[in-house]
Amino acid sequence: MATYTLPELPYDYAALEPVINPQIIELHHDKHHAAYVKGANDTLEQLEEARDKEAWGAINGLQKNLAFHLSGHILHSIYWHNMTGDGGGEPLAADGVGDLADAITESFGSYAGFKSQLTKAAATTQGSGWGVLAYEPVSGKLIVEQVYDHQGNVGQGSVPILVFDAWEHAFYLQYKNQKVDFIEAMWQVVNWQDVAKRYAAAQERVNVLLLAP
């Protein structure tokens, strides 16, 4: 039985129009995300075979493949729920996401500063990758990270709560080579309710990193 399975989309293919067209959503979820799920499961089977045979010649490549496919699966699973057709705008206390809004201001100085940093992080990730807003448990603050090729500039133990997919398959059919235009448009569909839930859940994961005294 497979360890990882492709999750269902929380909306139909057309739900994020005009920001993301239905064809992109269908291909992105049904083909690209599905390939990461299959890749993670296949790599786990290959690692099991290597253990059984004590054949460790390919261990470096297999571990890298597992990180690549598993990160792809996890980040996409967050990505789908981070978006909604009636999202966007700025997170506000009036919408029930005041704790998140306060944390953004505390960590980045202002919402505008945070928005600019995450936009630039997503748009300038070397090669293919992601811009990520993450909860960093040691400081208890929010940080922006870059994930390139699913294996990048991330703090160990940080929890992604908002992810912007900057791989070409996420936008090219609609935005061509204008990655920055796609990232800017993404702010129109951010599901702040989902981000706030992830932020609250990340805060509750106390003592997950036991640092030396």
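This is a predicted model, so every value here is computed, not measured.
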Undergrad: Rounded at 0.5 Å granularity, tell me how far CD in Glu136 sits from CD in Gln156.
TA: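 The CD atom of Glu136 sits 11.0 Å away from the CD atom of Gln156.
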Undergrad: Can Tyr4 and Leu44 be said to form a side chain to side chain contact (heavy atoms under 4.5 Å, CB included), step by step?
TA: CA-CA 10 Å; Tyr4 301 106; Leu44 287 178; 3.6 Å; yes
Undergrad: Look up atom CD in Glu17 and atom CD1 in Ile24, then write down how far apart they are to the nearest 0.5 Å.
TA: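 Here the rounded value is 10.0 Å.
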Undergrad: Do the non-hydrogen side-chain atoms of Ile143 and Val132 ever get within less than 4.5 Å of each other?
TA: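 Ile143 does not reach Val132 side chain to side chain.
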Undergrad: Please examine the side chains of Asp95 and Gln193, heavy atoms only from C-beta on, and report whether any two atoms are closer than 4.5 Å.
TA: yes
Undergrad: Mind checking whether Val154 and Tyr135 sit in one hydrophobic cluster, side chains of I, L, V, M, F, W, Y counted as touching below 4.5 Å?
TA: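 Hydrophobic grouping puts Val154 with Tyr135.
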Undergrad: Heavy atoms only: give me the nearest Gly127-Lys179 pair and the separation to one decimal.
TA: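 Looking at all heavy atoms of both residues, the shortest contact is O-NZ, 3.7 Å.
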Undergrad: Looking only at heavy atoms, which two atoms of Gln117 and Phe108 are closest? And how far apart?
TA: OE1-CD2, 3.5 Å
Undergrad: Which value, rounded to the nearest 0.5 Å, describes the distance between Leu173 atom CG and Glu168 atom CD?
TA: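 Reported to 0.5 Å precision, the distance equals 10.5 Å.
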Undergrad: For Trp192 and Pro91, which heavy atoms make the closest approach, and how far apart are they?
TA: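 Nearest pair, atom of Trp192 first, then Pro91: CE2-CD, 3.5 Å.
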Undergrad: What's the shortest heavy-atom distance between Ala134 and Ser158, and which atoms?
TA: CB-CB, 4.1 Å
Undergrad: Under a 4.5 Å cut-off applied to non-hydrogen side-chain atoms, are Gln146 and Thr124 in contact?
TA: yes
Undergrad: Going by the salt bridge (charged side-chain N to carboxylate O under 4.0 Å, His left out) test, which pairs reach into residues 18-47, not counting sequence neighbours?
TA: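 The answer is Lys38-Asp42.
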Undergrad: What verdict does the ring-ring contact (aromatic ring centres under 6.0 Å, His included) test give for Phe114 and Trp187, after you've listed the backbone C-alpha separation in whole Å, the side-chain angles of each residue and the deciding distance to 0.1 Å?
TA: CA-CA 12 Å; Phe114 151 68; Trp187 291 102; 5.7 Å; yes
Undergrad: Taking everything shown except Asp102 itself, do over 12 heavy atoms lie less than 6.0 Å from its CG?
TA: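 It does: Asp102 CG has more than 12 such atoms within range.
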Undergrad: Show, in sequence, the C-alpha distance, side-chain angles and deciding distance for Val19 and Gln174, and conclude whether the side chain to side chain contact (heavy atoms under 4.5 Å, CB included) test is met.
TA: CA-CA 9 Å; Val19 174; Gln174 184 174 357; over 6 Å; no
Undergrad: Check for me, please, whether Met186 and Val180 land in the same ILVMFWY cluster - side-chain distances under 4.5 Å, paths through other members count.
TA: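 No, Met186 and Val180 fall in different hydrophobic clusters.
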Undergrad: Got a second to check how far Lys176's NZ is from Asp181's CG, nearest 0.5 Å?
TA: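 Answer for the NZ-CG pair, Lys176 versus Asp181, is 12.0 Å.
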Undergrad: If you round to the nearest 0.5 Å, how far is CG of Leu133 from CG of Leu118?
TA: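 Going from CG on Leu118 over to CG on Leu133, the span is 6.5 Å.
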Undergrad: Can you name the closest pair of heavy atoms from Ile104 and Ser110 and give their distance?
TA: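 Taking every non-hydrogen atom into account, CG2-O, 4.2 Å.
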Undergrad: Show me the side-chain donor-acceptor pairs of residues 68-85 shorter than 3.5 Å, one per line, residues at least two apart or across chains.
TA:
unit_1 : atom_1 : unit_2 : atom_2 : d
Ser71  : OG     : Ala67  : O      : 2.9
Ser71  : OG     : His150 : O      : 3.2
His73  : ND1    : His33  : NE2    : 2.9
His76  : ND1    : Gly72  : O      : 2.7
His76  : NE2    : His28  : NE2    : 2.8
His76  : NE2    : Asp165 : OD2    : 3.2
Ser77  : OG     : His73  : O      : 2.8
Trp80  : NE1    : His33  : ND1    : 3.0
Trp80  : NE1    : His76  : O      : 3.3
Asn82  : OD1    : Val163 : N      : 2.8
Asn82  : ND2    : Ile161 : O      : 3.2
Asn82  : ND2    : Asp194 : OD2    : 2.8
Thr84  : OG1    : Asp86  : OD1    : 2.7

Undergrad: Please check if Ile20 and Tyr11 belong to a single hydrophobic cluster, counting links between Ile, Leu, Val, Met, Phe, Trp and Tyr side chain heavy atoms closer than 4.5 Å.
TA: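 Same cluster: Ile20 reaches Tyr11 through Ile, Leu, Val, Met, Phe, Trp or Tyr contacts under 4.5 Å.
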Undergrad: Restricting to non-hydrogen atoms, name the atom on Ala121 and the atom on Val144 that form the minimum distance, rounded to 0.1 Å.
TA: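 Residues Ala121 and Val144, closest heavy atoms: CB-CG1, 3.6 Å.
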Undergrad: Does some side-chain heavy atom of Phe171 sit less than 4.5 Å from a side-chain heavy atom of Ile183?
TA: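 No. Closest side-chain heavy atoms not under 4.5 Å.
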Undergrad: Got a sec, which residues hit side-chain hydrogen bond (donor to acceptor under 3.5 Å, both in side chains) with Ser128, two or more places apart in sequence or on another chain?
TA: none
Undergrad: Is there a side chain to side chain contact (heavy atoms under 4.5 Å, CB included) between Asp149 and Gln126 once you walk through the steps?
TA: CA-CA 9 Å; Asp149 291 342; Gln126 293 178 343; over 6 Å; no
Undergrad: With rounding to the nearest 0.5 Å, note down the distance linking OG1 in Thr43 to NZ in Lys64.
TA: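 Separation between the atoms: 13.0 Å.
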Undergrad: Do Trp130 and Trp167 have side-chain heavy atoms sitting under 4.5 Å apart?
TA: yes
Undergrad: Treat each ILVMFWY residue as a node, draw an edge where side-chain heavy atoms are under 4.5 Å apart, and state whether Leu100 and Leu92 are in one component.
TA: no
Undergrad: Give the C-alpha distance, both sets of side-chain angles, the deciding distance and a yes or no for side chain to side chain contact (heavy atoms under 4.5 Å, CB included) between Tyr199 and Leu142.
TA: CA-CA 9 Å; Tyr199 173 60; Leu142 297 173; 3.8 Å; yes
